[in-house]
Amino acid sequence: QKVLVLAGAGGLGSTMIQVAKHFGAYVATTARTSDIDKVRTLGADEVIDFTTTDFADVVSGYDVVIDSLGPDSLRKSFTVLRRGGLAISVVGPPDPSFATQLGQPLLKPVFALTSAKVRREAKRRGVRYAFLFMQASGAQLSTLASLYDAGELRPVLDRTFGFDEALEAMAYVEQGKGNGKVVITR
């Protein structure tokens with residue numbers, strides 16, 4: 001499959017590039033000029049410098065897009081997917097299946113309403129949309145740990161904060177300054 005990972009140098013993007021490559025995908029990503037070499041070493045087959053080029057102008061026919069940026073990039077993602085392709089967003093509006101994931105089926109109509117516009121646009125373009133809420137899973141973390149231990153994946157760390165600096169760490173992440181994983185230690 002062809003996978004486009006938006007913001008490949010970030011904490012999520014750097015992991016997604018490696019996981020997609022591990023499963024044999026062709027991976028394209030977006031990154032700023034200073035991060036091009038970094039994302040190539042993670043396994044990206046194609047890198048789009050977002051400071052000079054709009055990804056929607058240069059890629060097409062992708063099976064999956066992973067979006068961690070927001071509404072504008074999500075809408076553009078629909079244009080680069082092949083018919084039936086899937087745009088997955090961790091920042092887009094929750095879809096009805098999220099209510100099921102939460103174990104709150106009564107929330108399905110609420111999430112259907114909040115994601116209606118995005119889902120309608122995806123359908124109009126012949127693609128699919130899914131919201132991904134990341135939650136801890138012991139089994140998945142164990143699998144990832146095995147891949148890290150085997151050297152098949154490598155962590156990309158941006159900065160480490162002490163526990164007493166947790167609020168500063170959260171502000172750092174919320175301001176979009178992180179370029180890899182931000183770690184809080186005891």
Side-chain angles (χ1 to χ4, degrees), residues 1-30 42-43 55-56 59-148 152-153 155-156 166 169-170 173-174 176 178 180-184:
Q1 286 193 321
K2 290 173 64 178
V3 176
L4 173 61
V5 177
L6 300 178
L12 176 64
S14 61
T15 301
M16 292 307 299
I17 289 169
Q18 295 178 81
V19 170
K21 287 304 292 182
H22 174 75
F23 286 109
Y26 175 89
V27 179
T29 191
T30 60
L42 295 173
F55 73 88
V59 298
S60 63
Y62 276 72
D63 299 292
V64 177
V65 176
I66 308 294
D67 170 49
S68 61
L69 298 174
D72 293 337
S73 62
L74 177 59
R75 281 191 275 290
K76 283 187 203 177
S77 296
F78 296 155
T79 68
V80 305
L81 287 166
R82 66 162 175 76
R83 189 157 191 74
L86 175 63
I88 301 170
S89 179
V90 298
V91 293
D95 59 4
S97 66
F98 179 53
T100 303
Q101 186 181 351
L102 288 175
Q104 300 291 327
L106 295 176
L107 291 177
K108 275 187 177 186
V110 173
F111 293 142
L113 184 61
T114 60
S115 65
K117 185 176 178 182
V118 170
R119 291 182 300 109
R120 195 169 34 252
E121 184 173 348
K123 185 176 181 178
R124 183 176 61 78
R125 293 188 175 272
V127 299
R128 298 170 294 138
Y129 166 72
F131 173 72
L132 175 65
F133 178 72
M134 292 186 272
Q135 56 186 344
S137 160
Q140 290 174 349
L141 289 172
S142 177
T143 299
L144 285 173
S146 296
L147 292 171
Y148 281 110
E152 297 200 31
L153 301 181
V156 177
M170 295 297 288
V173 171
E174 287 175 0
K181 295 294 183 187
V182 175
V183 178
I184 297 175

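For this chain, numbers begin at 1 and follow the sequence in order.
Here the straight-line distance linking atom CG of Leu81 with atom CG of Leu4 works out to 8.0 Å at 0.5 Å rounding. Within the model, atoms NZ of Lys21 and CG of Leu42 stand 11.5 Å from one another, a figure rounded to the nearest 0.5 Å. In this structure, Leu141 CG and Tyr148 OH are separated by 10.0 Å, a value rounded to the nearest 0.5 Å. Atom CG of Leu102 and atom CG of Leu107 lie 7.0 Å apart (nearest 0.5 Å). Once rounded to the nearest 0.5 Å, the distance linking CG of Leu147 with NE2 of His22 reads 4.5 Å.
Of the possible polar contacts, none joining the Ser14 side chain to the Ala9 backbone as a donor-acceptor pair under 3.5 Å is found. Side chain of Lys2 to backbone of Ser60: a donor-acceptor contact under 3.5 angstrom is found. Here the side chain of Thr79 pairs no donor or acceptor atom with the backbone of Ala56 at under 3.5 angstrom. The main-chain N or O of Ser142 is found under 3.5 Å from a side-chain atom of Ser146 such that the two form a donor-acceptor pair.
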Review item, side-chain donor-acceptor pairs of residues 122-133, under 3.5 Å, at least two apart:
from, atom 1, to, atom 2, distance (Å)
Arg128, NE, Gly84, O, 3.0
Arg128, NH2, Gly84, O, 3.1
Tyr129, OH, Pro93, O, 2.6

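Summarising the geometry of Pro94 relative to Thr114, their closest heavy-atom pair is O-OG1, 3.6 Å, with the distance given to 0.1 Å. Summarising the geometry of Val3 relative to Ala25, their closest heavy-atom pair is CG2-CB, 3.8 Å, with the distance given to 0.1 Å. Here the shortest heavy-atom pairing between Phe78 and Ala87 reads CE2-CB, 3.6 Å. Heavy-atom minimum distance, Ala7 versus Leu69: CB-CD2, 3.8 Å. Nearest heavy atom pair, residue Leu74 against residue Ser89, reads CD1-CB, 4.1 Å.
Residue pairs that meet the side-chain hydrogen bond (donor to acceptor under 3.5 Å, both in side chains) test with at least one member in residues 100-110, sequence neighbours left out, are Thr100-Lys108.
The side-chain contact (heavy atoms from CB on, under 4.5 Å) test applied to Arg82 returns Asp63, not counting sequence neighbours.
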Tell me, with the steps shown, if Asp95 and Ser115 meet side chain to side chain donor-acceptor pair (under 3.5 Å). CA-CA 6 Å; Asp95 59 4; Ser115 65; over 6 Å; no
side-chain contact (heavy atoms from CB on, under 4.5 Å) between Val19 and Leu144, intermediate numbers included: CA-CA 9 Å; Val19 170; Leu144 285 173; 4.1 Å; yes
Tell me, with the steps shown, if Ser77 and Leu6 meet side-chain contact (heavy atoms from CB on, under 4.5 Å). CA-CA 9 Å; Ser77 296; Leu6 300 178; 3.7 Å; yes
Please determine whether side-chain contact (heavy atoms from CB on, under 4.5 Å) holds for the pair Thr15 and Lys181, giving the CA-CA distance in whole Å, both sets of side-chain angles, and the decisive distance to 0.1 Å. CA-CA 9 Å; Thr15 301; Lys181 295 294 183 187; 4.0 Å; yes
For a side-chain contact (heavy atoms from CB on, under 4.5 Å) check, start with the C-alpha distance between Val90 and Leu12, then their side-chain angles and the critical distance, and finish with the verdict. CA-CA 10 Å; Val90 298; Leu12 176 64; 3.8 Å; yes
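Looking only at atom types and distance, the side chain of Ser73 has a donor-acceptor partner in the side chain of Asp67 under 3.5 Å away.
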